[in-house]
Protein chains: 2
Amino acid sequence: MTVHLRASEALYLWRSAMLAMVRNDGPDLTQRQLTILLQIYLEPPPHTVRGLAALLGVTKPVITRALDTMGAMGLVHRTRDKTDRRNVVIQRTVEGSEYIEQLGRIIVRQGEELGV
Amino acid sequence: MTVHLRASEALYLWRSAMLAMVRNDGPDLTQRQLTILLQIYLEPPPHTVRGLAALLGVTKPVITRALDTMGAMGLVHRTRDKTDRRNVVIQRTVEGSEYIEQLGRIIVRQGEELGV
DNA sequence: AACTATCGTTTCGCTACCGTATCAGTTTGC
DNA sequence: GCAAACTGATACGGTAGCGAAACGATAGTT
């Protein structure tokens with residue numbers, strides 16, 4: 001890339017990658033769900049419901065529901081914290097890692113095709 | 001940016017921008033809706049329902065419903081094609097332009113903070 | 001032991017999305 | 001002129017999201 005990403009470049013990149021994701025027929029995650037998933041896989045653990053809720057600026061049920069959905073898809077896994085059983089620790093899965101890696105590849109590929 | 005966007009950089013950029021969008025409390029568009037909106041604003045007209053459906057690889061009702069929703073939000077506008085009244089021409093709005101511009105600014109800002 | 005605080009989940013009523021099938025209106029082709 | 005083709009919209013039944021409120025389980029406090 002050049003010195004910085006320009007707005008128009010950014011938007012073209014965004015559209016291309018989103019288009020590839022939509023056409024890909026994979027899990028159709030909401031923006032919130034994808035944000036949660038990225039946070040889990042990009043930042044070191046532990047990840048908790050309340051932490052994610054605070055980060056995203058949403059209520060806790062939003063996180064619980066998103067984890068329900070993505071858990072059913074196999075993208076994340078939940079376990080009770082053994083030291084404080086009120087907490088739930090959100091863990092990564094192989095399937096989730098593969099999804100994130102695929103997303104990264106899609107963005108990079110679209111960026112290359114745009115010369116970004 | 002350097003020579004190319006690496007996968008990890010791409011994912012961090014993606015997460016940061018999506019996080020900013022989620023926290024922004026703006027219209028909560030689905031991935032499909034946002035893809036449609038970007039297509040309308042980045043590519044020259046005319047844009048039609050069938051064209052967008054073919055591009056995204058979805059059925060026509062998906063496009064109609066997305067346009068219903070985004071139309072109610074003021075992000076797009078629909079008009080009948082005068083030369084062929086079967087067609088509907090999808091048009092941009094000031095509000096939609098502002099939304100897209102804001103999205104571009106968010107991505108660029110997050111990219112700058114990541115040094116991408 | 002009893003009270004309080006915290007954590008994640010569940011419930012409620014509601015809204016919006018999905019895919020499939022079908023629709024009315026318009027144009028095309030014979 | 002009239003049937004076929006095509007466009008976008010609509011109906012249907014089902015699924016999943018939302019915010020607000022309440023809940024059960026656990027931990028901390030006195």
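Applying the salt bridge (Lys or Arg N to Asp or Glu O under 4.0 Å) test to A:Arg80 and every residue at least two apart in sequence or in another chain returns nothing. Evaluation of the salt bridge (Lys or Arg N to Asp or Glu O under 4.0 Å) rule for A:Asp28 yields no partner, not counting sequence neighbours. Legend: residues meeting side-chain contact (heavy atoms from CB on, under 4.5 Å) with A:Pro45, ordered by chain and number and at least two apart, are A:His47, A:Arg92. Shown here are the side chain to side chain donor-acceptor pair (under 3.5 Å) partners of B:Asp81, two or more places apart in sequence or in another chain: B:Thr83. Legend: residues meeting salt bridge (Lys or Arg N to Asp or Glu O under 4.0 Å) with A:Glu43, ordered by chain and number and at least two apart, are B:Arg15. Under the salt bridge (Lys or Arg N to Asp or Glu O under 4.0 Å) criterion, B:Arg86 pairs with B:Asp84, not counting sequence neighbours.
Here the CD1-CD1 distance, from B:Ile36 to B:Ile90, works out to 8.0 Å after rounding to the nearest 0.5 Å. Taking CE from B:Met18 and CD1 from B:Ile107, the interatomic distance works out to 10.0 Å, rounded to the nearest 0.5 Å. How far CG of A:Leu29 is from OG1 of B:Thr30: 12.0 Å, rounded to the nearest 0.5 Å. The structure places CD1 of A:Ile40 at 8.5 Å from CD1 of A:Ile100, a figure rounded to the nearest 0.5 Å.
D:dT7 atom P lies 13 Å from atom CG of B:Leu52, rounded to whole Å. Regarding B:Lys82, its NZ atom lies at a distance of 16 Å from the C1' atom of C:dG25, rounded to whole Å. C:dG19 atom P lies 11 Å from atom CG of B:Leu56, rounded to whole Å.
In this structure, the helix from C:dA1-D:dT30 to C:dC30-D:dG1 shows an angle of 10° between the axis at its start and the axis at its end, each fitted on 5 base pairs and rounded to 10°.
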What pairs of nitrogen or oxygen atoms, one from the protein and one from nucleotides 6-12 of chain C, lie under 3.5 Å apart?
from	atom 1	to	atom 2	distance (Å)
C:dC7	OP1	A:Arg50	NE	3.0
C:dC7	O3'	A:Asn87	OD1	3.3
C:dG8	OP1	A:Val49	N	3.3
C:dG8	OP2	A:Arg50	N	2.8
C:dG8	N7	A:Lys60	NZ	2.5
C:dT9	OP1	A:Arg78	NH1	2.9
C:dT9	OP2	A:Thr64	OG1	2.8
C:dT9	OP2	A:Arg78	NH1	3.4

Pairs under 3.5 Å (N/O, protein and nucleotides 1-3 of chain C):
none

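Residues from residues 27-41 of chain A placing a heavy atom under 4.0 Å of any atom in DNA chain D, listed by number, are A:Arg32, A:Gln33.
Distances shown here put a side-chain N or O of B:Thr69 below 4.0 Å from the OP1 or OP2 atom of C:dC17.
Comparing A:Val62 and A:Asp81 against DNA chain D, the residue whose closest nucleotide sits nearer the 5' end is A:Val62.
Residue pairs meeting the side-chain hydrogen bond (donor to acceptor under 3.5 Å, both in side chains) criterion with at least one partner in residues 97-107 of chain B, sequence neighbours excluded, are absent.
Linking Ile, Leu, Val, Met, Phe, Trp and Tyr whenever their side-chain heavy atoms come within less than 4.5 Å leaves A:Val89 and A:Val76 in two separate clusters.
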May I have the list of side-chain donor-acceptor pairs in residues 48-68 of chain B shorter than 3.5 Å, sequence neighbours left out?
from	atom 1	to	atom 2	distance (Å)
B:Thr48	OG1	B:Arg50	NH1	3.3
B:Thr48	OG1	B:Gly51	N	3.1
B:Arg50	NH1	B:Asn87	OD1	3.4
B:Thr64	OG1	B:Lys60	O	3.4
B:Asp68	OD1	B:Arg78	NH1	3.3
B:Asp68	OD1	B:Arg78	NH2	2.5

